[in-house]
Visitor: 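Mind having a look at this structure? Questions to follow.
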Amino acid sequence: MKLNIKKRMAIIAAIGCLSIGGIVTGCTEADKVSTNVSKEADNFNVLRRFAVINTRTDKVEFEIVGAFSLEDEGSKKVKLIVETADGSYKKHIVHMNRDSMYVIEDLGGAKVNKYKYEVNYIPESIVPFKVTESK
């Protein structure tokens, strides 16, 4: 599974915060809330607007309003998965170019618990080792 850069940075920041007990700079209340809001949005619990704007004409070329998860694959492609009212999902792929940018606006806000966190251990990533005694 390929993680985008934002998710990688969030994971690295979370590991740093947990391993040093939250004393590290960057483990602020805002960081915790930001991570939780992002998780809520990726779980289709936040109403947002996604708009692609042509930077030469200042016109909106594409817009999605709803509960969606966003995956940014660098400067060229953005994938959006939208949850519809009937519980089905739609996937939209937006190709970006040098004359376009996108903006995401949070329309509804998210009610998150800044103190809730979870640690997951993935068994496949734990490398086994053997302890031997030397004489």
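These numbers come from the heavy atoms of this one structure, side chains and all, not from hydrogens, waters or symmetry mates. When a residue number appears, it is its place in the shown sequence, counting from 1.
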Visitor: Are a donor atom and an acceptor atom from the side chains of Ser69 and Asp42 found within less than 3.5 Å of each other?
Guide: yes
Visitor: Donor-acceptor pair, Ser38 side chain versus Ser34 backbone, under 3.5 Å?
Guide: yes
Visitor: Going through the distances and angles, do Leu70 and Ile104 end up as a side-chain contact (heavy atoms from CB on, under 4.5 Å)?
Guide: CA-CA 10 Å; Leu70 177 129; Ile104 300 173; 3.5 Å; yes
Visitor: Any chance you could measure Phe44, atom CZ, to Thr84, atom OG1, to the nearest 0.5 Å?
Guide: 10.0 Å
Visitor: Within the structure provided, determine whether Ile93 and Val78 are in side-chain contact (heavy-atom separation under 4.5 Å).
Guide: no
Visitor: What verdict does the side-chain contact (heavy atoms from CB on, under 4.5 Å) test give for Ile64 and Arg49, after you've listed the backbone C-alpha separation in whole Å, the side-chain angles of each residue and the deciding distance to 0.1 Å?
Guide: CA-CA 6 Å; Ile64 289 182; Arg49 177 190 330 265; over 6 Å; no
Visitor: To the nearest 0.5 Å, what is the distance between CE on Met101 and CG on Asn54?
Guide: 11.0 Å
Visitor: Are any of the side-chain heavy atoms of Phe50 and Val94 separated by less than 4.5 Å?
Guide: yes
Visitor: Rounded to the nearest 0.5 Å, how far does NE2 of His95 lie from CZ of Phe62?
Guide: 11.5 Å
Visitor: To the nearest 0.5 Å, how far apart are OG1 in Thr55 and CD in Glu61?
Guide: 8.5 Å
Visitor: Let me check something: do Val65 and Phe68 share a hydrophobic cluster, defined by ILVMFWY side-chain heavy atoms less than 4.5 Å apart, either directly or through other members?
Guide: no
Visitor: Say you draw a straight line from CD1 of Ile81 to CD of Glu71; how long is it, rounded to the nearest 0.5 Å?
Guide: 7.0 Å
Visitor: Strictly distance-based, threshold 3.5 Å: is any side-chain N or O of Asn45 a donor or acceptor partner for the main-chain N or O of Ala41?
Guide: no
Visitor: Less than 4.5 Å apart, any side-chain heavy atom of Tyr102 and any of Ile53?
Guide: no
Visitor: Using salt bridge (charged side-chain N to carboxylate O under 4.0 Å, His left out) as the criterion, list what pairs up with Arg98, not counting sequence neighbours.
Guide: none
Visitor: What distance do Glu105 atom CD and Arg48 atom CZ have between them, rounded to the nearest 0.5 Å?
Guide: 11.5 Å
Visitor: May I ask you to test the Lys91-Lys79 pair for a side-chain heavy-atom distance under 4.5 Å?
Guide: yes
Visitor: Are Leu47 and Val37 connected into the same hydrophobic cluster when the rule is that any two of I, L, V, M, F, W, Y join if their side-chain heavy atoms are below 4.5 Å apart?
Guide: no
